[in-house]
Amino acid sequence: GALAADLDYDLEPLLQAGLEGRTLRLLVNSENTAKVSAAQRIAQQLEAAGLTVEVERLAFEDFTAALGRGDFDLYLGEVVLTADFDLSALLSSTGRLNYGGWRDSQTDALLSAFSAAGEDGRQEAAGALYAHLAQQAPIAPVCFKNGSVLTQWGRLSGLSPVRENV
């Protein structure tokens with residue numbers, strides 16, 4: 001919480017990166033109207049800050065193919081984390097969802113330390129990882145949702161939660 005309170009919304013680094021005058025392609029899956037609307041809103045906000053953004057709506061198959069090729073400047077996607085909140089698929093140098101090809105040996109080491117941490121060291125390892133990511137964030141999380149069902153065995157019957165709907 002304290003780390004999140006220190007973070008601030010700042011587009012100045014993007015403007016200083018020489019992106020003015022260049023059209024950025026923001027990919028989105030056209031089959032999800034909520035994501036298309038969100039992508040349009042993001043594009044409007046970036047344009048209000050002085051960037052030029054073209055929202056490219058692609059069918060899911062074409063969207064994932066473009067991501068796999070690295071054929072994008074920005075993309076709006078969705079990731080469902082595993083129960084252990086392992087971010088390696090997104091952020092490690094070899095992560096299967098690291099479509100931008102971001103590489104950082106310190107992040108890899110911190111991800112490994114977090115994954116290997118026992119109960120006693122997990123909070124400290126998570127804090128070190130998140131502090132590093134706050135300074136070196138290769139992605140911009142837009143929304144986070146946590147859904148779970150916790151109960152003792154035999155207390156509930158007929159409950160059949162699935163990944164998208166607890």
Side-chain angles (χ1 to χ4, degrees), residues 3-4 7-115 126 129-149 160-166:
L3 180 60
L7 299 176
D8 192 16
Y9 178 78
D10 184 10
L11 290 174
E12 192 60 34
L14 285 175
L15 298 174
Q16 292 176 355
L19 298 176
E20 287 183 281
R22 178 178 159 210
T23 299
L24 300 175
R25 289 177 53 233
L26 170 57
L27 302 186
V28 64
N29 175 7
S30 64
E31 297 169 18
N32 186 310
T33 57
K35 283 191 183 74
V36 170
S37 294
Q40 290 170 327
R41 176 81 173 148
I42 291 167
Q44 289 168 351
Q45 290 176 343
L46 291 172
E47 287 175 347
L51 299 172
T52 304
V53 180
E54 174 186 301
V55 176
E56 190 169 332
R57 299 159 190 84
L58 299 173
F60 184 74
E61 186 176 298
D62 297 330
F63 175 74
T64 56
L67 292 180
R69 291 190 307 271
D71 187 16
F72 61 90
D73 296 307
L74 305 164
Y75 75 91
L76 180 62
E78 178 180 356
V79 173
V80 177
L81 296 175
T82 54
D84 61 0
F85 287 82
D86 183 3
L87 298 169
S88 297
L90 275 173
L91 302 176
S92 76
S93 297
T94 58
R96 64 181 177 79
L97 301 176
N98 181 357
Y99 297 117
W102 188 67
R103 307 257 185 275
D104 180 69
S105 59
Q106 186 175 357
T107 301
D108 289 341
L110 290 167
L111 285 165
S112 293
F114 176 68
S115 180
L129 173 62
Y130 299 144
H132 175 70
L133 291 176
Q135 299 301 315
Q136 303 293 324
I139 61 173
V142 175
C143 179
F144 177 81
K145 178 181 172 186
N146 183 5
S148 61
V149 175
S160 54
V162 293
R163 186 173 174 143
E164 298 294 323
N165 185 356
V166 295

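The figures that follow rest on heavy atoms only: side chains count, while hydrogens, waters and symmetry mates do not. Just so it is clear, the model here is predicted, and its values are computed rather than measured.
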Name of the residue among Leu111, Thr107, Asp108 meeting side chain to side chain contact (heavy atoms under 4.5 Å, CB included) with Ser93 = Asp108
Among Leu87, Leu90, Ile139, Leu67, side chain to side chain contact (heavy atoms under 4.5 Å, CB included) partner for Leu97 = Leu90
Quick one: sort the Tyr75 and Phe72 rings into parallel, tilted or perpendicular, breaks at 30° and 60°.
-> perpendicular
Please round to the nearest 0.5 Å and tell me the distance separating atom [atom1] of [X] and atom [atom2] of [Y].
X: Gln40; Y: Leu26; atom1: CD; atom2: CG; result: 9.5 Å
X: Leu27; Y: Leu76; atom1: CG; atom2: CG; result: 10.0 Å
X: Asp104; Y: Ser92; atom1: CG; atom2: OG; result: 11.0 Å

Heavy atoms only: give me the nearest [X]-[Y] pair and the separation to one decimal.
X: Phe60; Y: Glu31; answer: N-OE2, 3.0 Å
X: Val36; Y: Ser30; answer: CG2-CA, 3.9 Å
X: Phe63; Y: Gly77; answer: CZ-CA, 4.5 Å

Residue set satisfying side-chain hydrogen bond (donor to acceptor under 3.5 Å, both in side chains) with Ser88, at least two apart, ordered chain then number -> Asp86
Please report, to 0.1 Å, the donor-acceptor pairs under 3.5 Å made by any side chain of residues 48-58, with sequence neighbours excluded.
unit_1	atom_1	unit_2	atom_2	d
Glu56	OE1	Arg25	NE	2.7
Glu56	OE1	Arg25	NH2	3.0
Glu56	OE2	Arg25	NH2	3.4

Is a side-chain donor or acceptor of Thr64 paired with a backbone partner of Glu61 at a separation under 3.5 angstrom?
-> yes
Taking the side chain as every heavy atom from C-beta outward, state whether Asn29 and Glu78 have any pair of such atoms under 4.5 Å apart.
-> no
Are the side chains of Ile42 and Leu74 in touch, meaning some heavy atoms are under 4.5 Å apart?
-> no
Of all residues at least two apart in sequence or in a different chain, which pass the side-chain contact (heavy atoms from CB on, under 4.5 Å) check with Ser112?
-> none
